[in-house]
Number of protein chains: 2
Amino acid sequence: MDKNLKRMATMHRMQAKGLELFYKKGFYNTSIDDILKELSLSKGAFYYHFQSKEDFFISIIQNLIVRKVYSMLIEPIEGESDPLVAIEHCFENALSTAEHNEFDYGFVLGNFINEFNGRNDEISKYLRDIYKVWEVNLVTTLQKGKTDGFVPRHLDSEGVAAYLISSYMGIRMLMVEGNNKNLSYHFMQQTRQYLKSLAVTRLV
Amino acid sequence: MDKNLKRMATMHRMQAKGLELFYKKGFYNTSIDDILKELSLSKGAFYYHFQSKEDFFISIIQNLIVRKVYSMLIEPIEGESDPLVAIEHCFENALSTAEHNEFDYGFVLGNFINEFNGRNDEISKYLRDIYKVWEVNLVTTLQKGKTDGFVPRHLDSEGVAAYLISSYMGIRMLMVEGNNKNLSYHFMQQTRQYLKSLAVTRLV
DNA sequence: AAAAAAACCGACCAAGTGGTCGGTCAGCTA
DNA sequence: TAGCTGACCGACCACTTGGTCGGTTTTTTT
């Protein structure tokens, strides 16, 4: 375990810098040398730790992206009693984090799903799986909210989950081009409006 | 005008195929040769008509993407009397088109904004401008709806516009990975729910 | 039909790309 | 001290990329 320390440290440095650059410039538009240059490491070091560029990115997904999505978007909702309130707070917190840290990696997921779609099936699958877990978690929480009396029984949980995910992916996409504060404020305002409309008896 | 016919035809063939491949595989991940091969044309033909790969893409934006966004998302809303109804119908129609034509280019905008962000400022600007026109148009239409009595006066037009755009961008992003029919059905259902909640007196 | 202009061809180039591989070297063990 | 091993180096390779350019073919003009 101790002797693995250096190994782990180097691998993690590469992964962190790799995610940063892949996120900033795109996977296909970032060369391994770009990453290595910033770390003052060599090609040899890279291929000593990782089999290929693809293998490298998969390790980034598993070690960084998955964990971030879980901690930012899945766990904050999981345990809460009132799903609609929990979702509101979760989104609020996630956007606030995104607003202040330029590279919080809170929702790189969207960008990468986009970039790899139709280009690399294996990576796409890994990314899609994360998204699916999020979706299932939302649906499950909403359903549980029904039995607990927080959510109207007629609510279409899957529809609401899909809509919430859509809007969140969309706003994160818009936020990359600045004016984040205003955007996220507007977004949360309307999300509240939407969530509240779900809580009352169906309109029409 | 007549003498330009062949020129126009060839340029358009290149642009159409270019958009198809750029959309499918990404701009940076598609070579000019990829496009030329499918058209049985040569490098010389390409550089006879376009100055560079970048110039080529800008011409695609101006000739294909702008027009599509206008005809699919801007014009259908512009003239209508009741904005909320117009938006609903517009989204419905846009998603239905997207659902059936795999490459309708209805909202490539999202993908490309994503890909070029932070990588090519000039192209980003062109794309952002299209998005801005859409946004302004939504806001204006909503405001006009207030004076016409279709929209409550307290409505935050800019917030609603941002939210609608977010959700639309998000759903189009999710739809690339299949299961479109189900997704777009859910999305429209929830969009209606949201729009209806706007029409009535503010909740809380 | 001849000349001029427009459209197109494809070999070529410099600059990268992902990936390989023989080698170096610090630190541990015996 | 000698040997071994994990971590790293960097020259090198085959290949792709955007872009150039001298030349050929097709179309239009005269």
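A, B, ... follow the sequence lines: proteins, then strands. Residue 1 opens every chain.
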Among residues two or more places apart or on two chains, list those pairs meeting salt bridge (charged side-chain N to carboxylate O under 4.0 Å, His left out) that have a residue in [range].
range	value
residues 134-144 of chain A	A/Lys144-A/Asp148
residues 70-88 of chain A	A/Glu88-A/Arg192
residues 117-128 of chain A	A/Lys125-A/Asp129

Between [N] ([atom2]) and [X] ([atom1]): distance, integer Å:
X	N	atom1	atom2	result
A/Ile35	C/dG19	CD1	P	12 Å
B/Arg13	C/dC8	CZ	C1'	12 Å
A/Asn29	D/dT17	CG	C1'	12 Å
B/Phe46	D/dG18	CZ	P	9 Å
A/Asp33	D/dC9	CG	P	12 Å
B/Lys37	C/dC8	NZ	P	20 Å
B/Ile32	C/dC8	CD1	P	16 Å
B/Met11	C/dA7	CE	P	10 Å

Can you tell me if [X] touches the phosphate of [N], counting only side-chain N or O atoms and a distance under 4.0 Å to OP1 or OP2?
X	N	result
B/Tyr48	C/dC8	no
A/Thr10	D/dA7	no
A/His49	D/dC8	yes
A/Tyr47	C/dT20	no
A/Arg7	D/dG6	no

Tell me every residue that passes salt bridge (Lys or Arg N to Asp or Glu O under 4.0 Å) with A/Glu158, counting only those two or more places apart in sequence or in another chain.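 For A/Glu158 there are no salt bridge (Lys or Arg N to Asp or Glu O under 4.0 Å) partners, ignoring immediate neighbours.
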So how far is it from A/Asn29 CG to B/Glu115 CD, rounded to the nearest 0.5 Å? 8.0 Å
Let me confirm one number: the NE2-OG1 distance from B/His49 to B/Thr10, rounded to the nearest 0.5 Å. 4.5 Å
Residues from residues 38-45 of chain A lying under 4.0 Å of DNA chain D - heavy atoms: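 Under 4.0 Å from DNA chain D: A/Ser40, A/Leu41, A/Ser42, A/Lys43, A/Gly44, A/Ala45.
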In residues 50-58 of chain B, which ones come under 4.0 Å of DNA chain C, going by heavy atoms?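 None, since no heavy atom is under 4.0 Å.
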Does anything in residues 123-146 of chain B pair up under ring-ring contact (aromatic ring centres under 6.0 Å, His included), and if so which pairs, sequence neighbours excluded? B/Phe107-B/Trp134, B/Trp134-B/Tyr168
Test: ring-ring contact (aromatic ring centres under 6.0 Å, His included). Region: residues 173-194 of chain B. Which pairs qualify, not counting sequence neighbours?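 Qualifying pairs, neighbours excluded: A/Tyr163-B/Phe187, B/Tyr163-B/Tyr194.
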Name the residue closer to the 5' end of DNA chain D, choosing between B/Phe27 and A/Met14 according to the nucleotide with the nearest heavy atom. A/Met14
Measuring from the side chain of A/Ser31 (C-beta onward, heavy atoms only), which nucleotide among C/dC8, D/dG18, C/dT17 has the closest atom? C/dT17
Under the side-chain hydrogen bond (donor to acceptor under 3.5 Å, both in side chains) test, residues paired with A/Glu54 that sit two or more places apart: A/Asn120
Intermediate values then yes/no, side-chain contact (heavy atoms from CB on, under 4.5 Å), A/Phe22 and A/Lys17: CA-CA 8 Å; A/Phe22 288 153; A/Lys17 182 59 76 179; over 6 Å; no
